[in-house]
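Shown next, in C-alpha cells, is the structure this report addresses.
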Amino acid sequence: MTELAPPRGTIDLLPPRSEAMLGLYEAGHELAHRYGFRYVETPSFEHTEVFERTSGGTSDIVTKEMYTFEDKGGRSLTLRPEPTAPVMRAYLAHRHDLPTPFKAYYVSANWRHSRPQAGRLREFRQLGVEVIGTPAPEADVEVVAMADRYLRDRGLRRFALHLNSIGDEACRPAYREELVAYLEGRRDELSDEHGDRFRENPLRVLDCRDEACRRVARDAPLITERLCEACAEHLAAVQAGLRAAGVAFQPDPFLVRGLDYYTRTAFEFVSEAMPAAQSTLCGGGRYDGLAEVLGGAPTPGVGFGLGLDRVLYAMEEEGVELPGPRSVDAFVVAVGDGAILAARGLVEDLRRAGVAAEASAGDRPLKAQLRMADRTGARFAVIVGEREMAEGRATVRRLSDGSQEAVPMEDVPGWISGRA
RNA sequence: GUGGCCGUAGCUCAACUGGCAGAGCACCAGGUUGUGGUCCUGGGGGUUGGGGGUUCAAGUCCCCUCGGUCACCCCA
C-alpha cells in the first residue's frame, strides 16, 4: 500500500476529481482568452540562479523549499517553485518578438518542499497571469479583476480580496527604517522567535498571526501613510479602477508579500471556508524590480498566481457544484458473440459522426452491459444482437425512461446526433 | 523544517480494562431462455500503513519508520 502511494505531498488525480480539475483548467483557458491573455509555457525547471536571485537569498523558498538537483553536466537546476521569475526570464529573452505590454497566462505545476497538509502540496497547480511591460495601474486592475471573476464564476462566495501597496524604492526604504526603529522600541513585547524575524524582514511582523505581533503591529507606522506621491497615486488609481470594474476589495495595510521583488500593489484572495494556513486562494502584485534582478532592462510587471488545488478544495468546502465528467451520448451493447463485430462497426460510425460513444467489450451478460451503460451516464443504449442483425435495425433504448425503438443500423448515428 | 493528533476492506466506521477482525455503502454474480437505475439472495475482497519489541495471546501496550492531518514557518 505504501509502496503504491504517490510521493509525499503529491496526489493522484482520478475521476471524478480529475475531471473537476480539468474543468478548472478549461475555465482558466477560457477566461484568460476572454481577458485577452496569451498562453505561455516555460520549462518545469530552470537554472537554480533564476530563483536564488529573484526570490531573495534569505527567503523560505530558497533556503528550504526548492527541489534542486544537478544534471549530468554538473549544472544546478531547480524545479520551478514559483512561475513569475521564469515567465519574466522568458520575456526578457524574447521580448523583441513579443507585444508590449505582454499579457501572458499559464496553467502549470509548481514544486515546493514544504511539509504537506490539505491544500498545501509539494506539487501544486496554478493558474497565473502576468502583464509585463507597463507600469499602468490599469494593468493591476485587469489582473485583479480576472482573478476575482475566476473565483466568482466557480461559484465561490466566501472569500475576500485584500489590497495594499508596499511602496517602491522611493518610499519603502525610509518606511522600513521607521518601522525597524518602532519595532526595536517594542522588541521586548515580542517572543524570541517572532522578535528575531523582523531583522530578516520587518514587514513580516505586520501580517503575523501571533497575538503579541498583532498587538505591536496595531500601533506600527503604516506604509499606506508613508507612500511617496507616485505610489499613493498608483494605489488610488488601482482602487478607483476596481470600483469601476465592480470588484469588491478590502484595504489591508498589514498585507505584505514574501518575495523581494514585489513593489507597490500587493493583493490576496483569502477564503473564509478553509483553515487559516491554507486560506490564500490567490496572491499577486506588482514586481517592477524583478527584471533588473534577472539582469534585464528595467521592465515593470504585475500578475497573480491562483492555486487550483485550493480552489477545488474551497469549492468542496463551500458545497459548490463541481465540474462533472462529460458522459458519452451512446453506449453500444453487443448481445452474443455474433454481434461483437457489428457493435464495433456501429460504435466507430457513431464516433465518426461526432457522437461520443462507448461500447462494452461484449463479453458480459446483457444485464451487466446495461448496468455499465447506465453508469457511464449515456443518454442512449444501443443494443445489437442477433435479432437486430437479422432485421438490420438496432434497438435504441433511452436510459432515462426505458423507452426504446428499432432504428435502421445506418441511421443510428444520425438518429442519435439529432437528439444528443 | 519544528510540534500535536491520527492510520482497521475501495469508502465511512465498529471490535469491553490485550482474548477467533466485523457492519453499511460500493463492486461482482444469480433471481430460467435478450433489458439498467428499486428489491431479494449469494460472493470476492484485510500481512489492522510497514518493521521490531513486551506477552501464553497485540488492531489494542512500547520503540522506530512511512503516510495523513492540524498548528508554526511560509505561501498557492
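Order of the sequence lines fixes the chain letters, A, B, ..., with proteins taken first and strands second; residue numbering starts at 1 for each chain. Since we're looking at a predicted model, the values are computed, not measured.
Residues of residues 266-285 of chain A that place a heavy atom closer than 4.0 Å to RNA chain B, in numerical order, are A:P275, A:A276, A:A277, A:Q278, A:T280, A:L281, A:C282, A:G283. Applying a 4.0 Å cut-off to non-hydrogen atoms, none of the residues of residues 24-40 of chain A approaches RNA chain B. Residues from residues 324-348 of chain A placing a heavy atom under 4.0 Å of any atom in RNA chain B do not occur. Interface residues of residues 122-130 of chain A facing RNA chain B, ordered by number: A:F124, A:Q126; criterion, heavy-atom separation under 4.0 Å.
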N/O donor to acceptor pairs below 3.5 angstrom from side-chain atoms of residues 345-355 of chain A, sequence neighbours left out:
| from | atom 1 | to | atom 2 | distance (Å) |
| --- | --- | --- | --- | --- |
| A:E348 | OE1 | A:R351 | NH1 | 3.2 |
| A:D349 | OD1 | A:R352 | NH1 | 2.8 |
| A:R351 | NE | A:A357 | O | 3.0 |
| A:R351 | NH2 | A:A357 | O | 2.9 |

Only pairs under 3.5 Å count here: list side-chain donor-acceptor contacts from residues 246-255 of chain A, not counting sequence neighbours, and write none if there are none.
| from | atom 1 | to | atom 2 | distance (Å) |
| --- | --- | --- | --- | --- |
| A:D252 | OD1 | A:F254 | N | 2.9 |
| A:D252 | OD1 | A:L255 | N | 3.4 |
| A:D252 | OD2 | A:H162 | ND1 | 3.0 |

task = Apply the test salt bridge (charged side-chain N to carboxylate O under 4.0 Å, His left out) to residues A:R89 and A:E46: give CA-CA distance (whole Å), side-chain angles for both, the deciding distance (0.1 Å), then the verdict.
result = CA-CA 10 Å; A:R89 179 198 57 66; A:E46 295 275 348; 2.6 Å; yes

request  = Quick one: do A:D140 and A:R264 satisfy salt bridge (charged side-chain N to carboxylate O under 4.0 Å, His left out)? Show the steps, please.
outcome  = CA-CA 10 Å; A:D140 307 44; A:R264 296 188 171 171; over 6 Å; no

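Rounded to a whole Å, the CZ atom of A:R115 is 12 Å from the C1' atom of B:C5. When the C1' atom of B:C11 is taken as reference, atom CG of A:L14 falls 14 Å away, rounded to whole Å. Here B:C74 presents its P atom at 10 Å from CD of A:E65, a figure rounded to the nearest Å. Rounded to whole Å, the distance from CD on A:Q369 to P on B:C28 is 13 Å. One atom, OH of A:Y106, and another, P of B:A76, lie 10 Å apart when rounded to the nearest Å. Here the C1' atom of nucleotide B:A76 and the OH atom of A:Y105 are 19 Å apart, to the nearest Å. For A:R80 and B:A76, the CZ to C1' distance is 13 Å, given to the nearest whole Å. One can place CD of A:E317 at 12 Å from P of B:U69, the figure rounded to the nearest angstrom.
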inquiry  = Counting Watson-Crick and G-U wobble pairs with both distances under 3.5 Å, what is the dot-bracket string for RNA chain B, 5' to 3', using [ ] for crossing pairs and | for pairs to another strand?
reply    = (((((((..((((.....[..)))).(((((.......))))).....(((((..]....))))))))))))....

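Using a 4.0 Å cut-off between a side-chain N of Lys or Arg and a carboxylate O of Asp or Glu, A:R172 and A:D168 do not qualify as a salt bridge. Look at A:R157 and A:E318 and you find no salt bridge, because none of the NZ, NE, NH1 or NH2 atoms lies under 4.0 Å from a carboxylate O. In this structure, A:R326 pairs ionically with A:E26, as a charged nitrogen and a carboxylate oxygen lie closer than 4.0 Å. At a threshold of 4.0 Å, the pair A:R125-A:D309 counts as salt-bridged, since one of the basic side-chain nitrogens sits closer than that to a carboxylate oxygen. Electrostatic pairing of A:R34 and A:E30 counts as a salt bridge here, judged by a charged N lying under 4.0 Å from a carboxylate O. Between A:K103 and A:E142, at least one side-chain nitrogen of the basic residue sits less than 4.0 Å from a carboxylate oxygen of the acidic one, meeting the salt-bridge criterion. Using a 4.0 Å cut-off between a side-chain N of Lys or Arg and a carboxylate O of Asp or Glu, A:R226 and A:E178 qualify as a salt bridge. Using a cut-off of 4.0 Å between Lys/Arg side-chain N and Asp/Glu carboxylate O, A:R17 and A:E316 are scored as salt-bridged.
Comparing the same atom, P, in B:U32 and in B:A26 gives a spacing of 23 Å after rounding to whole Å. Comparing B:G51 with B:G67, their C1' atoms are spaced 15 Å from each other, to the whole Å. If you take atom P in B:U65 and the same atom in B:G1, they sit 12 Å apart, rounded to whole Å. Separation of the C1' atoms belonging to B:C62 and B:G18 is 13 Å when rounded to the nearest angstrom.
Remark: A:H113 pairs with A:Y67 by the ring pair (Phe, Tyr, Trp, His ring centres under 6.0 Å) rule, at least two apart or across chains. Annotation: side-chain hydrogen bond (donor to acceptor under 3.5 Å, both in side chains) contacts of A:Y105 (sequence neighbours excluded): A:H29. For A:W111, there are no ring pair (Phe, Tyr, Trp, His ring centres under 6.0 Å) partners at least two apart in sequence or on another chain.
Residues A:P365 and A:V384 each lie close to RNA chain B; by heavy-atom proximity, the contact nearer the 5' end of the strand is made by A:P365. In this structure, A:H113 and A:Y313 both approach RNA chain B, and ranking their closest nucleotides by distance from the 5' end singles out A:H113.
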Pairwise N/O distances under 3.5 Å, protein to nucleotides 35-41 of chain B:
| from | atom 1 | to | atom 2 | distance (Å) |
| --- | --- | --- | --- | --- |
| B:U35 | O2 | A:R397 | NE | 3.3 |
| B:U35 | O2 | A:R397 | NH1 | 2.7 |
| B:U35 | O2 | A:Q404 | OE1 | 3.4 |
| B:U35 | N3 | A:Q404 | OE1 | 3.3 |
| B:U35 | N3 | A:Q404 | NE2 | 3.2 |
| B:U35 | O4 | A:Q404 | NE2 | 3.1 |
| B:G36 | N7 | A:R397 | NH2 | 2.8 |
| B:G36 | O6 | A:R397 | NH2 | 3.3 |
| B:G36 | O6 | A:G402 | N | 3.1 |
| B:G36 | N1 | A:L399 | O | 2.2 |
| B:G36 | N2 | A:D374 | OD1 | 2.7 |
| B:G36 | N2 | A:L399 | O | 2.5 |
| B:G36 | N3 | A:D374 | OD1 | 3.3 |
| B:G37 | O4' | A:D374 | OD2 | 3.1 |
| B:G37 | N2 | A:L399 | O | 3.4 |
| B:G37 | N2 | A:S400 | O | 2.8 |

Could you list the protein-to-nucleotides 46-48 of chain B atom pairs, N/O on both sides, closer than 3.5 Å?
none

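Tested against A:N110, the residues A:E123, A:E82, A:Q126 include a single side-chain hydrogen bond (donor to acceptor under 3.5 Å, both in side chains) partner, A:Q126.
A donor-acceptor contact under 3.5 angstrom links the side chains of A:Y39 and A:E41, judged on distance only. Using modelled atom types, one finds no donor on one side chain facing an acceptor on the other under 3.5 Å when comparing A:R154 with A:Y150. With 3.5 Å as the limit, one finds a donor-acceptor pair spanning the side chains of A:T395 and A:E388. A donor-acceptor contact closer than 3.5 angstrom is absent between the side chains of A:S271 and A:S279.
Residue A:E386 is classed as a base contact, given a heavy-atom separation below 4.0 Å to a base.
At a cut-off of 3.5 angstrom, counting only N and O atoms as typed in the model, there is a donor on one side and an acceptor on the other between the side-chain of A:R120 and the base of B:C74.
The A:Q117 side chain lies nearest to B:C72 when the options are B:A76, B:G68, B:C72.
Pairing each heavy atom of A:G284 with each of A:Y262, the nearest pair is C-CE2, 4.0 Å. Residues A:I223 and A:G167 share a closest heavy-atom pair of CG1-N, 4.3 Å.
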